[in-house]
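Structure record follows, encoded as structure tokens.
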Amino acid sequence: MAATDWIRPEVRALSAYHVPDASGFIKLDAMENPFELPAELAPGLADALQHASLNRYPDPAARVLTDTLREVAGIPPDCGVMLGNGSDEIIQIIALALAKPGATLMSVEPAFVMFKVIAELTGLRYVGVPLKADFSLDEDSLIAALARERPAVVFLACPNNPTGNLFDLDAVERVVRAAPGLVVIDEAYAAFSRESFLPRLSRHGNAVLMRTLSKLGLAGLRLGYLAGGLDWLGEFNKVRLPYNINALSQAAATFALRHHAVLTEQARTIVTFRDALAAQLGRLPGVSVFPSEANFLLFRVPDADRAFAGLKSRKILVKNVSRAHPMLAGCLRVSLGTADENAAFLAALQASL
Ligand SMILES: *Cc1c(COP(=O)(O)O)cnc(C)c1O
């Protein structure tokens, strides 16, 4: 018998998440923060790591890190907090906990691809409700879909990836009220956005808020968190594997969060770069750029494959999302880099159109 005879058909139907080799490239494809931690923080970080006991299992509740996170993020005291090895793991934990036979995971389209991938992997039925042509929430069709499909969970990324826009949070709140089950507000890009759902969280027993440190400058640590009611989080916590946040990540993230002003300052710089690059892109003939509240820009060009190949030949890696969804035809997504990287990208794009 071959391996494929034993593997679940849903797994066989998937293709492995592809990460292109970026060595030698200016890497603007994965929404990473282009800035490293400032050199003056290195000794403190080294000291924090040195005091992590690698011979012991990590604190399964990551108490020191969780308390620091609560304080820095301003999580309401009545909310629980659960940590994940990246927010991808949290999506998986939620899906595993809710995957009753026949249960549905709903999101909008285009949205973050992992919602659909994890639904398929965990045996949830996936339903995607299209956004409007300007990528805003189609509130009426979403609310109609909630009544029709009765999803166990709805994932909404605010701001949305790969489109970059922030949905109207009043509309999001009406969706939460109309949802029969749980709504997960994914704020991976909170640091770059003008508004957050956090102040509204405690009003809703069926909403939870998910964030990550990845886009804020700590992608290498793999740390995401979920805030929300203890009735939900208590159950999710049973699905979470006991030591999912390793000791080095706990120590490094705690240290970095104690210096979070540095990260927030970097995020502010990235926002000014974003607004400047959006204006420059908008002036290129044939290029249209979509409004962004994140650390990346989605833009449409006359020929996405040609522009992507031209950028690549000039050693600039962006994400070609033009075939990810019909509404993204002609679109590329670029993460903000340093000032020099953004300038190099702009020049290379001009030469590649
Ligand atoms: C990047 C991203 C994530 C995943 O973040 P990790 O914490 O690195 O796993 C989740 N949601 C959205 C919308 C993202 O863009």
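Whatever order the structure lists ligands and atoms in, that order sets their numbers, starting from 1. Here, residue 1 is the first one in the sequence, and each next residue gets the next number.
Using a distance-only test at 3.5 Å, with no hydrogens or angles considered, no donor-acceptor pair links the side chain of Glu341 to the main chain of Gly337. Checked by atom type and distance alone, the side chain of Arg200 never pairs as donor or acceptor with a backbone atom of Glu173 at under 3.5 Å. With His325 contributing its side chain and Met327 its backbone, the two residues share a donor-acceptor pair below 3.5 Å.
Note: the hydrophobic cluster containing Phe290 does not contain Leu281 (ILVMFWY, side chain heavy atoms under 4.5 Å, direct or indirect links).
Nearest heavy-atom pair, Leu137 versus Ala171, reported as atom, atom and distance to 0.1 Å: CD2-CB, 4.2 Å.
Within the listing of ligand 1, atoms 6 (P), 7 (O), 8 (O) sit less than 4.0 angstrom from a heavy atom of Ser214. If you number the atoms of ligand 1 from 1 as listed, the ones under 4.0 Å from a heavy atom of Asp88 come out as 4 (C), 9 (O). With ligand atoms numbered from 1 in the order given, ligand 1 contributes 13 (C) to contacts under 4.0 Å with heavy atoms of Ala157.
Counting heavy atoms from C-beta outward, Arg258 and Thr68 have side chains that approach closer than 4.5 Å.
Nearest to atom 15 (O) of ligand 1 among the protein's heavy atoms is Tyr189 OH, 2.6 Å. Protein heavy atom at the shortest distance from atom 13 (C) of ligand 1 is Asp186 OD2, 3.2 Å. With respect to atom 5 (O) of ligand 1, the closest heavy atom belonging to the protein is Ser87 OG, 3.1 Å. Summary of contacts: the protein heavy atom closest to atom 14 (C) of ligand 1 is Lys215 NZ, 3.1 Å.
The shortest heavy-atom distance from Arg222 to ligand 1 is under 4.0 Å.
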